[in-house]
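Remarks on the structure that follows.
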Amino acid sequence: MSLKRSDVENIAHLARLAVNTSELDSVAGDLSTILHLVEQMNAVDTTGVIPMAHPLHMAQRLRPDVVNETDEREHFQSIAPATEMGLYLVPRVVE
Amino acid sequence: MQWETVIGLEIHAQLATRSKIFSGAATAFGAAPNTQACAVDLGLPGVLPVLNREAVVMAVRFSAAIGADLERRSVFARKNYFYPDLPKGYQISQFELPIVGRGRVEILLDDGTARTIGVTRAHLEEDAGKSLHEDFHGLTGIDLNRAGTPLLEIVSEPDMRSAREAVAYARKIHQIVRYLGICDGNMQEGSFRADANVSVRPFGAELGTRAELKNINSFRFLERAINFEVERQIDLLESGGTVVQETRLYDPDRDETRSMRSKEEANDYRYFPDPDLLPVELDDEFVAAAIADMPELPDVRRVRFCEEYALGQTDAVQLTANRELADYYEATVRAGGDARLAANWVTGELAGALNREGMEIGQSPVSAMMLGGLLQRISDNTISGKIAKQVFDAMWGGGGSADEIIQSQGLKQITDSGALEEIVNAVVDENRSQVDAYRQADEKKQAKMLGFFVGRVMQASKGKANPKQVNELLRRKLAP
């Protein structure tokens, strides 16, 4: 599978990455090479192999349902660019 | 053309845990902004999510309640999208391997018929924060208290064929999660939210293109939003247009759905397994403990009510609508004895009073014990049904127990035949002309005219005379 310039533009937009137009073709080439590698792996017969969700052979540890965090809003908001009435302020998002 | 509506629902039930799904921050509703958002919820660098055991237990209970295939191994995945109330840039959800597999629920329609609706899956995920678009000098305010609150997203099959069926299904899921105690079901506070996938097709044809309706926070709006959308799609198709797949917001003020722009491009969520979380593996011991104390579920309870208390379907449905009401009813029966009478009073006088005051059953000033005490006095003929309503009102107003009120207000029914006879004699003496008319009337007319005398006697006794005895006495006295 090979990626077109437009695919790269789309992926870059979804990831909010600014890719220089002059670089689009070379990035498309690099990403396509990676996909070729994936294609080779896809060609391997994996019948009966459970897909690996995590490299560690362990199950998730569970936490008791206990509230053990206290209010540290002031601390966290001291590094925020803008706050008001306890809210974090961000550039306006239009729905 | 005849159109068929096809509806599937995605329901988000907020799980009633104390702490968040991946952090130890509190989930209580209504706290000051960002006071319940810890480093994990804020997505600060270096933090790691640790799964809340209780959220998993709740999913297992739900699975058992809908007879679903519980997946002993499930995997959390990252759903990637950018929005400021999602600080990590991804939502931790489940994708390919959800915890709850295929299940089903039965819905009862208004005409009494039952339908089975398939549940495709249910998965655990975290909620996002809240964006406040009111004016903050052209900026948007973000409250992350809700970020990381555990959700169970319950996805149905496209099995519903009308807005009414969709509402019946949503109510059924609502009833189940509340019976299980895994969600408080509060729709105003957003603890229970439904998105509807709606499409139309000519009968028997392939599925049409669907629109997803969001922003629905009541059962009434769910019905209205679907009905509006169905009309819109049919009009569009009949005038030669096509339905586009999109997300639409329901606006209750204008009773319409509107296209939400900019959504199409966001549909690529690039899911992948979350490397911060290991697969969830459930052994027999865990599952057995999770479902050890399952409550009796609403459908089972409804059937039992019909059999054990000889109730009709309508009463049984109403009395098992929620667990608190069903518990109240059964406590009333234990205290009062007569199941049929208890059903009449709980669905009648009590439900009416609660409705009038806008109260939930848990807030009723008349406890099941108190109501049972009242019903005992009706059963043993201490008071008539009519006086009982007066006693009920006094109990509602904080006048004490039924016995106290009957005692203090002197409401005990007059069953002493000597005392009754005195009243009856007085009424007969005071109404000579009616008595003469009665004696000359035929039997049919007499039956009607008797009501006049009964009324007078009841009036004279302030409603305390035993109606049965009064009738007998009057018939005897009025006989020529």
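All values reported here derive from a predicted model rather than from experimental measurement. Lettering of chains follows the sequences in order, A, B, ..., and the numbering in each one begins at 1.
B:Asp276 meets the side chain to side chain donor-acceptor pair (under 3.5 Å) test with B:Arg78; sequence neighbours excluded.
Of the atoms belonging to B:Phe272, not a single heavy atom falls under 4.5 Å from chain A. Contact annotation for B:Ala55: neither backbone nor side-chain heavy atoms come within less than 4.5 Å of a heavy atom of chain A. Only the backbone of B:Lys20 comes within contact range of chain A, with heavy atoms under 4.5 Å apart. Looking at B:Pro84, the atoms closer than 4.5 Å to chain A (heavy atoms on both sides) all sit in the side chain, from C-beta outward. Neither the backbone nor the side chain of B:Tyr90 comes within contact range of chain A; no heavy atom of the residue lies under 4.5 Å from a heavy atom of that chain. Heavy atoms of B:Val40 lying under 4.5 Å from chain A are absent altogether. Only the side chain of B:Leu42 comes within contact range of chain A, with heavy atoms under 4.5 Å apart. For chain A, no part of B:Thr27 is nearby; none of its heavy atoms comes within less than 4.5 Å. Neither the backbone nor the side chain of A:Pro55 has a heavy atom closer than 4.5 Å to any heavy atom of chain B.
Formation of a donor-acceptor pair under 3.5 Å by the A:Arg61 side chain with backbone atoms of B:Val50 is not found in this model.
The candidate from B:Val57, B:Val280, B:Leu144, B:Leu139 with the greatest count of non-hydrogen atom pairs under 4.5 Å with chain A is B:Leu139. Contact count against chain A (heavy-atom pairs under 4.5 Å) is highest for B:Thr140 among B:Asp274, B:Leu132, B:Asp143, B:Thr140. Options B:Ala25, B:Pro273, B:Ala31 differ in how many heavy-atom pairs under 4.5 Å they form with chain A, and the most are formed by B:Ala25. Of the listed residues B:Ala32, B:Ala39, B:Ala37, the one with more heavy-atom pairs under 4.5 angstrom with chain A than any other is B:Ala39.
If you take CG on A:Leu14 and CZ on B:Phe82, they are separated by 9.0 Å, rounding to the nearest 0.5 Å. In this structure, the separation between CG on B:Leu277 and CD on A:Gln60 is 5.0 Å, given to the nearest 0.5 Å.
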Handout entry: Audit row: A:Ile50, B:Arg73, side-chain contact (heavy atoms from CB on, under 4.5 Å) steps and yes/no
Key = CA-CA 11 Å; A:Ile50 299 167; B:Arg73 182 172 179 276; 3.9 Å; yes
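Contacts between residues 69-91 of chain A and chain B, defined by a heavy-atom separation under 4.5 Å, are made by A:Glu69, A:Asp71, A:Arg73, A:Phe76, A:Gln77, A:Glu84, A:Met85, A:Gly86, A:Leu87, A:Tyr88, A:Leu89, A:Val90, A:Pro91.
Surrounding CZ of A:Arg5 are more than 12 heavy atoms belonging to other residues, nucleotides or ligands, all under 6.0 Å away. More than 12 heavy atoms of other residues, nucleotides or ligands sit less than 6.0 Å from atom CD of A:Glu39.
The shortest side-chain heavy-atom distance between A:Arg63 and B:Ser19 falls under the 4.5 Å cut-off.
Annotation for A:His54 and B:Pro279: closest pair CB-CD, 4.0 Å, computed over non-hydrogen atoms.
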